[in-house]
Structure formats: structure tokens, C-alpha cells
Protein chains: 2
Amino acid sequence: MTPSQNIKTFLETGPEYLPSVSVDCVIFGFHERQLKVLLLEFKHTKAFALPGGFVFKDESTDEAATRILWERTGVKDIYLEQFHTFGEQNRGNWDVHKATMSSHGFELETNHWLLQRFISIGYYALVNFSKVIPTPDIFSDMGGWHDIHQIPTLILDHNRIVEKALSTLRLMLDYKLVGFNLLSETFTMKELQSLYETILDKKLLRANFQRKMLSMEILERVEKKFSGKAHKPPYVYRIKKTA
Amino acid sequence: MTPSQNIKTFLETGPEYLPSVSVDCVIFGFHERQLKVLLLEFKHTKAFALPGGFVFKDESTDEAATRILWERTGVKDIYLEQFHTFGEQNRGNWDVHKATMSSHGFELETNHWLLQRFISIGYYALVNFSKVIPTPDIFSDMGGWHDIHQIPTLILDHNRIVEKALSTLRLMLDYKLVGFNLLSETFTMKELQSLYETILDKKLLRANFQRKMLSMEILERVEKKFSGKAHKPPYVYRIKKTA
DNA sequence: ATAAGTTTGTATCAAAATGATGCAATCGAC
DNA sequence: GTCGATTGCATCATTTTGATACAAACTTAT
């Protein structure tokens, strides 16, 4: 199918979606000691946006978020949490979408379903950076990771959504042990600490961090050692499977 | 206007609402050492429900919640917080509403807007019990307070919504100082402790509770003393106005 | 007036959690 | 083997929290 055919199909699926409701996902990844967010880019308009989409009439909003996540990353079974619903009357304008459609030869009337008011249910996801294959959607030409400290201006109220997702993630970090989802299956204590330091944006004392993590008794030592570097090799951990 | 005229008007306002989106409010009050929730009662069907409603196309969801709250309690300026959005495909059936409409002589077709799928944005409110005048809506005949431990079976997924609101409130209690909203303008330390004990459902040590509350430095002693009882009079507090 | 009975406000001590520092152990490079 | 680097953990200091005690302030009974 050509892009234009895809778009035609999409525009025609309007009636299959639950009206007024959209889902936006803040997908967090961790790479090279940076907390990253997956953003979509619109080449024509040079605009950025969060991965998002609409809810089919026969799926739950959670299912919609899972589906959108899968479509944009190629990964299922992702840690996902709803954090807030954004329900302002005017969350920004849809010029970018209009322009994108227009560039493909589709001129949307003002009352087109795509240009109506939508509330957006925000979900944040924690993914293993290396497993993700950023995949653009119909509107976008590119998907890519952006350092949380260098998020460009996004469409609509998406910058606010990212902010809220980040503050929720920070709160969750020491309430629920959830950070692991951003690392690979196994990891060292240093990697885990580095992750926490990046998310919380502050240094932590190594000895105390280790003591705290071990005291929760959810970590399991895997291989005894790990070689390569000129120093004492660290233990490698994984999360205990709650049997 | 007669009730039936009210209902007719309401049914005709369908197009003014944002489709698929509803708001439900869990209104907490505190009275006689009990945590209460305001519920509406449908006399014909003997069903109970949370106060809720729909979102006008030109108001935000927060504004809708505030409006609904005001309509059901007569109080504006209420502490209100969004806590979760419930987006399952099948949140339960609308038989009760259908029956209520029917009892007023309105037979709704299956595809009537009121019988469509709605997602519900949950808000919880903390109100001063004594200031509230429970007021029924078009569907209900009565509004009243119910002890959190004796919530009857509610329509749709409203029982789950109450549960989630309560667990969120408990989490919030020691993260954010928010309990005051359930008391009157001024209160004693004992009243505040009693409130905390009721919400958290556990006893707290008086001395330590007092120390903790005072250490946050948001309480202000008002009147020196308080008389009537045969013992040392307690201080009366109010929240410091953050100047 | 005085004593008795309560409840309040706060001090004090014990225990637990957290912050900070030090040191032995283990690896590769030389 | 020695050196430099990093890990794992012990240890101590500090802070927070849990538990108990006691004096102060009020009304009622005598």
C-alpha cells in the first residue's frame, strides 16, 4: 500500500473509534546514562509529537495503549501505567495534522472527526531501549529517541504530558520498584544506580543505594562474576520471579 | 418544571456533550468518626450510584467535575483531584438508567446516546461534611452519605471506582497534606488524628502524630483555649495561609 | 478550697532507618 | 608481584520514628 492509501484507510476508520477519546504514550528508555523519550517526527512540518492514537470501540483504553505501544516499538509485554487524563477544552491546534494530510492530498473539512476535540489518556511505558525499533505512524516520517533534557517543542499539550509523566515516574520510583523495566534482563548494581541517578537527577551514595536495593529482597544474583575490566568484577542481578 | 420535563430537556442536551466521556465523583466526607461517601439513590430500582455526569463541549473535564460537585452538594471551591480513568469496553449495563427513563415515560432505543459506551474520568473530592446539602440529579431521587465500610452494591463499575479512590486517598495522605479539607475551618489535634485514623484504618500514637503534624509547619494555632470539658483544653488549629 | 479525674502538650528514651566513611577483596595491566 | 580501579560490605554518626512518661490545665465532687 502507498502512504496515501494508508492515510485514506485511516481516515475511513474514524467511525470505528470511540469519539473524543485519544491515548498518548510517553515511552521511556535508558541509554548511555540518559533517560530518553520516544518521539515521532513530521518531516514536512518539522514537528514532534508523542506516539498516540485512538481507541477502538471494542477495546479498552489499556488495550489501545498496549496496541499503540506495540505498533511504535515492535515490543509487546511492556510495563505500562496510566498516569493522567488531559481534558482541557483547547489542548492546542491540529494544524500539523491538517498540513500532513494536506501534503498527501487530503483536505480535511473543519468538522472532520480528526479535528474535533479529544481528551487524552496519558500512559507512560518503561522499555528496554535495545529491544525497541522506533516505527513512525501514518502522520510521521520518523521515530526516534530524545534525551529528556532536550525535548523539542511538541504539538498540542504534549510537552506538558511529558512533564507530568516524568514527575509521576519519579514519585513511583521509590514507592514501587519499577525501574528494572528500563534495563536489560540482567544488570549490575552500578547500572541500576546510574539509572536511578539519571531519573531522579541527583547523585546517590553507592553503599547506601546497594544496601537499600538488597534490603527489598527482590534482586537475585545470577552469574558469580563478570570479566573484562581491570577491577573487581560486579555481581550481575536479575529480578526475582515472584513464584 | 416537572421531573419529566427536566428529563426531556436532559435527553435533548445529548449533542452538547463530549461523546464517550463521563465524569464520576467520589465525594468523601467525615462525620462522627466515620469516613463517608456521597451516593445517589434511585428509588424505583433501589440502585445506588456515584454522582456523575457528562462533559460539555466547551468545558474542561476539571470544570465538569467541579460543576457536578456543585450541583450535588451546593458547594463550590472544593478540594478535587483526578485519580484514574476507567476505560474498559464493558463497564456494566445501563439497565438502571433505562428503567428510570422508562418510569418517566421515555423509552430509549438501544442506540440512544445515553446507552453508548462511556469512559469515566474519576475524581475524588474532600468536603466539609456539614456544608454539604446532598442533592439528587435527574436519575436519582435521593442523595445521602454512606459509611465507607457499608457501601451498597453500586451500578456499573462504581464500586471499583470507590475502591480506587480510597486507595489513592490513603496514598496521598502522607505524601501531601490534604486531610484538612475534610474538617471544618478550625480543628483540634485530636480531631485531625481521628480523621487520619479513620482513613488509614489504624491507630496512631498521639504524641508522635502531634510531633509529625507540627513539624510540617503548616498548622497555625488560633485561639488560645477552648472550654467546656473537664480537662486541659486543646489548642485549636487552622491551616497557615501560604502568603 | 482542695482533691480527683481527664485530656493535652511535650520531653525523653529506645529502636530503626538513613547518611557518610573506610577498608579488604578482586580483577587487568604492567 | 605491584599498581590502579572498582566492588561489596562493615562500621559509625545522624536523623527519623516508635513508645512511654509526666507536668499542666480544666471541671466536678467534696
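Worth knowing before you read on, the calculation uses all heavy atoms, side chains too, and leaves out hydrogens, waters and symmetry mates. Naming convention: chains lettered A, B, ... in sequence-line order (proteins, then strands); numbering from 1 in each chain.
Checked by distance alone, Arg211(A) brings no side-chain donor or acceptor within 3.5 Å of a matching partner on the base of dG8(D).
In this structure, the nucleotide among dT6(D), dG9(C), dG8(D) sitting nearest to the side chain of His231(A) is dT6(D). Distance from the side chain of Lys232(B) is smallest to dA24(D) among dG8(D), dT10(C), dA24(D).
Lys212(A) comes within contact range of no nucleotide atom at all, as no heavy-atom separation falls under 4.0 Å.
Rounded to an integer number of Å, the gap from OH of Tyr237(B) to P of dT8(C) is 11 Å. As rounded to whole Å, 13 Å separates atom P of dT8(C) from atom CZ of Phe209(B). Computed from coordinates, the Met213(A) CE to dG8(D) C1' distance equals 16 Å when rounded to whole Å. Between Met189(B) atom CE and dG9(C) atom C1' the separation is 10 Å, expressed in whole Å. Spacing between atom OH of Tyr235(A) and atom C1' of dC27(C) amounts to 13 Å, rounded to whole angstrom units.
Residues Glu63(B) and Arg67(B) are not paired through a salt bridge, judged by the lack of any N-O separation under 4.0 Å between the basic side chain and the carboxylate. Between Arg91(A) and Asp24(A) there is a salt bridge, since at least one side-chain N of the basic residue sits less than 4.0 Å from a carboxylate O of the acidic one.
Side chain of Asn159(A) to backbone of Pro152(A): a donor-acceptor contact under 3.5 angstrom is found. The backbone N or O of Ile199(B) sits less than 3.5 Å from a side-chain atom of Arg170(B), completing a donor-acceptor pair.
Contacts between residues 191-208 of chain A and DNA chain D, defined by a heavy-atom separation under 4.0 Å, are made by Arg206(A), Ala207(A).
For the salt bridge (charged side-chain N to carboxylate O under 4.0 Å, His left out) test, residues two or more places apart in sequence or in another chain that qualify with Glu220(B) are Arg238(B).
Side chains of Asp174(A) and Tyr196(A): no donor on one and acceptor on the other come within 3.5 Å.
Residue Gln210(A) places at least one side-chain N or O under 4.0 Å from the OP1 or OP2 atom of dC9(D).
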